[in-house]
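The structure appears below as structure tokens.
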Amino acid sequence: MALAERPRPGVQPLWIERIPAAWWALALILLTMPAWANNFILFQVMGWTFILGMIALSLMFLAGYGGMVSLIQMSVAAMAGYMMAIFGNSGMGDISMGLPWWLYLPIAIVIAAIFGTIVGALAVRTEGIYTIMITLAIAAAFFYFTRQNYTIFNGYSGFNLVVPPELFGVDWRQPMPFYYLTLGCAVICYAVVVYVSRAPFGLALQGVRDNPRRMAALGFNVTAHRIAAYTFASVIAAIGGILLVWQNAQIAPGTAGIPAVIDILVIAVVGGISRPIGPFIGALIYVLLRTFSPDVLLAFGLSGERFKLLIGLGFLAVVFFSPDGVLGLWERWKSRRDRRRDPLTGADE
């Protein structure tokens with residue numbers, strides 16, 4: 001490397017300078033959260049946020065970069081959870097095979113990815129509302145099939161006592177280890193999505209989203225890129241599904257019910273479907289409303305079940321004022337602030 005290209009002493013590398021200060025502050029908060037947050041916040045609130053954020057991230061990748069709104073992502077996550085319970089250990093010893101963790105985890109992810117790929121191969125031949133309806137129909141069929149099949153999926157009861165293996169002498173279902181486990185998986189999935197979006201495959205997928213005919217004329221296989229996007233998104237959803245089962249210690253048909261399928265869409269849209277951080281913002285908002293709004297409603301003498309009404313009203317408000325979710329609202333606020341700022345002094349007018 002030439003002398004002029006070498007970093008000078010005391011000067012930070014360029015990639016560090018490009019990271020905004022807000023990201024460093026967020027990283028510090030997340031890494032130190034177990035020191036000041038209680039177990040309920042770590043396990044239930046933040047753990048659930050990271051898990052739902054990963055599943056919604058798979059939907060964001062398809063919709064944001066591929067232009068394909070898929071409602072099958074929660075079903076893919078549930079498929080991974082079911083396969084882990086079937087091939088691993090659970091309270092249903094007559095069905096579960098009891099394979100070691102290093103074998104049943106890859107099997108669960110691969111089967112879930114194959115399932116998502118098959119659905120994608122059917123869905124990519126349609127566009128718009130037809131893609132949504134096909135994936136929704138398959139999600140509904142998966143829900144009813146798991147509820148009615150007792151030989152493989154144990155019907156309505158599903159599987160219980162599905163817990164993570166104790167690796168390195170750590171009980172990963174304890175609040176602090178589980179928090180760091182979900183945080184690490186969320187960061188890895190986020191980083192991989194960002195990398196893929198800037199890689200040749202991601203750029204080609206965005207070209208297919210914007211103008212599939214031109215991309216086909218340039219020699220790109222439009223259908224293959226879309227199906228590969230489903231495969232990639234299914235792997236992310238499968239990881240989230242495995243963590244979700246470990247958190248609940250069970251898997252049942254309701255995990256992939258129609259309400260859960262719609263919740264993933266709401267999370268992705270509310271957070272913002274144009275950037276990978278959006279699903280995690282939407283997941284945090286959803287989890288906070290889902291966790292604390294019933295208590296607030298009960299304090300006012302209302303039924304706690306009406307929290308879904310609050311979530312629906314919030315969804316409508318965000319979509320009405322900003323099609324790009326909370327991220328869109330933030331960008332609009334920043335642009336207005338910058339327009340009001342004096343260009344000479346930098347102070348607000």
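Within the structure, no pair that satisfies the ring-ring contact (aromatic ring centres under 6.0 Å, His included) test touches residues 249-272, not counting sequence neighbours.
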| What do the steps show when you test Ile55 against Ile236 for side chain to side chain contact (heavy atoms under 4.5 Å, CB included), and what is the final call? | CA-CA 7 Å; Ile55 301 175; Ile236 297 177; over 6 Å; no
| Intermediate values then yes/no, side chain to side chain contact (heavy atoms under 4.5 Å, CB included), Ile95 and Phe159 | CA-CA 9 Å; Ile95 298 179; Phe159 297 84; 3.8 Å; yes
| Step-by-step side chain to side chain contact (heavy atoms under 4.5 Å, CB included) determination, Gln250 to Val162 | CA-CA 5 Å; Gln250 63 179 358; Val162 186; 5.7 Å; no
| said: Go through it in stages, so that I can follow the logic: the residues are Asn160 and Ile251, the test is side chain to side chain contact (heavy atoms under 4.5 Å, CB included), and I'd like the CA-CA distance, side-chain angles, deciding distance and then a yes or no. | reply: CA-CA 7 Å; Asn160 58 6; Ile251 176 73; over 6 Å; no
| message | The test is ring pair (Phe, Tyr, Trp, His ring centres under 6.0 Å); show your working for Phe142 and Phe115 and say whether it passes. | response | CA-CA 11 Å; Phe142 177 80; Phe115 173 59; 5.6 Å; yes
| task | Tell me, with the steps shown, if Phe201 and Phe232 meet ring pair (Phe, Tyr, Trp, His ring centres under 6.0 Å). | result | CA-CA 11 Å; Phe201 169 74; Phe232 175 76; 7.3 Å; no
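Leu243 is listed as a side-chain neighbour of Cys185, based on a closest heavy-atom distance under 4.5 Å. Here the side chains of Met60 and Tyr65 are in contact, with some heavy-atom distance below 4.5 Å. Residues Leu205 and Phe61 form a side-chain contact, since some pair of their non-hydrogen atoms from C-beta on lies under 4.5 Å apart. At least one side-chain heavy atom of Thr146 sits under 4.5 Å from a side-chain heavy atom of Tyr82. When side chains are defined from C-beta on, Phe280 does not count as touching Ile285, because their heavy atoms never get closer than 4.5 Å. Residues Met84 and Leu105 form a side-chain contact, since some pair of their non-hydrogen atoms from C-beta on lies under 4.5 Å apart. When side chains are defined from C-beta on, Leu71 does not count as touching Gln73, because their heavy atoms never get closer than 4.5 Å. Looking at heavy atoms from C-beta onward, Gln247 lies in side-chain contact with Trp48 at the 4.5 angstrom threshold.
Grouping the Ile, Leu, Val, Met, Phe, Trp and Tyr side chains by contacts below 4.5 angstrom, directly or via other members, places Tyr150 apart from Met79. Hydrophobic clustering places Leu26 together with Met33 (ILVMFWY residues linked when any side-chain heavy atoms are closer than 4.5 Å, directly or through intermediates). At a threshold of 4.5 Å between side-chain heavy atoms, the hydrophobic network of Ile, Leu, Val, Met, Phe, Trp and Tyr places Tyr286 and Phe40 in one connected group. In the hydrophobic cluster analysis, where Ile, Leu, Val, Met, Phe, Trp and Tyr join through side-chain heavy atoms closer than 4.5 angstrom, Val76 is grouped together with Ile258. Ile118 and Ile109 are members of different hydrophobic clusters when ILVMFWY side chains are connected at heavy-atom separations under 4.5 Å.
Across every non-hydrogen atom of Ile132 and Val69, the tightest pair is CG1-O, 3.7 Å. The heavy-atom pair separating Ser234 from Gly116 by the smallest distance is OG-CA, 3.2 Å. The nearest pair of heavy atoms linking Val235 to Ala113 is CG2-CB, 4.0 Å. Smallest separation of non-hydrogen atoms from Ala77 and Ala237: CB-O, 3.3 Å. Looking at every heavy atom in both residues, Phe143 comes nearest to Pro253 through CD1-O, 3.2 Å. When all heavy atoms are compared, the tightest approach of Val124 to Ala121 is CG2-O, 3.8 Å.
A 6.0 Å sphere centred on OH of Tyr156 holds no more than 12 heavy atoms belonging to other residues, nucleotides or ligands. When the shell of 6.0 Å around OH of Tyr144 is examined, it contains 12 or fewer heavy atoms from other residues, nucleotides or ligands. Other residues, nucleotides and ligands place more than 12 heavy atoms under 6.0 Å from the CZ atom of Phe292.
None of Tyr179, Phe178, Tyr180 except one satisfies the ring pair (Phe, Tyr, Trp, His ring centres under 6.0 Å) rule with Phe43; the exception is Phe178.
In terms of modelled atom types and a separation under 3.5 Å, the side chain of Thr135 and the main chain of Ser70 share no donor-acceptor contact. The backbone N or O of Trp246 sits less than 3.5 Å from a side-chain atom of Arg173, completing a donor-acceptor pair. With hydrogens and angles disregarded, no donor-acceptor distance shorter than 3.5 Å links the side chain of Trp172 to the backbone of Glu166. With hydrogens and angles disregarded, no donor-acceptor distance shorter than 3.5 Å links the side chain of Thr291 to the backbone of Leu288.
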Please tabulate, for side-chain N and O atoms in residues 186-196, each donor-acceptor pair with protein atoms closer than 3.5 Å (sequence neighbours left out).
none

Could you go through residues 216-230 and list every donor-acceptor pair under 3.5 Å that involves a side-chain atom there, pairing it with any protein atom two or more places apart or in another chain?
from: Asn221; atom 1: OD1; to: Thr223; atom 2: N; distance (Å): 3.3
from: Asn221; atom 1: OD1; to: Ala224; atom 2: N; distance (Å): 3.1
from: His225; atom 1: ND1; to: Asn221; atom 2: O; distance (Å): 2.9

Under 3.5 Å, which donor-acceptor pairs do the side chains of residues 86-93 form with other protein atoms, sequence neighbours left out?
from: Ser90; atom 1: OG; to: Met92; atom 2: N; distance (Å): 3.2
from: Ser90; atom 1: OG; to: Ser96; atom 2: OG; distance (Å): 2.5

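The side-chain hydrogen bond (donor to acceptor under 3.5 Å, both in side chains) check on Ser75 picks up nothing, with sequence neighbours excluded. Residues that satisfy the side-chain contact (heavy atoms from CB on, under 4.5 Å) test with Ala56, not counting sequence neighbours, are Ile264, Ile267, Ala268, Pro279.
Taken from CD1 in Ile51 to CE in Met46, the straight-line distance is 11.5 Å, to the nearest 0.5 Å. Rounded to the nearest 0.5 Å, atoms CH2 (Trp36) and CG (Leu42) are 8.5 Å apart. Here the CD-CG distance, from Gln174 to Asp171, works out to 4.5 Å after rounding to the nearest 0.5 Å. Rounded to the nearest 0.5 angstrom, Met54 CE and Ile242 CD1 are separated by 10.0 Å. Expressed to the nearest 0.5 Å, how far CE of Met74 lies from CG of Leu265 amounts to 13.0 Å. Leu62 CG to Ile72 CD1: the interatomic distance, rounded to the nearest 0.5 Å, is 11.0 Å.
Side chains of Thr126 and Thr131: a donor on one and an acceptor on the other come within 3.5 Å.
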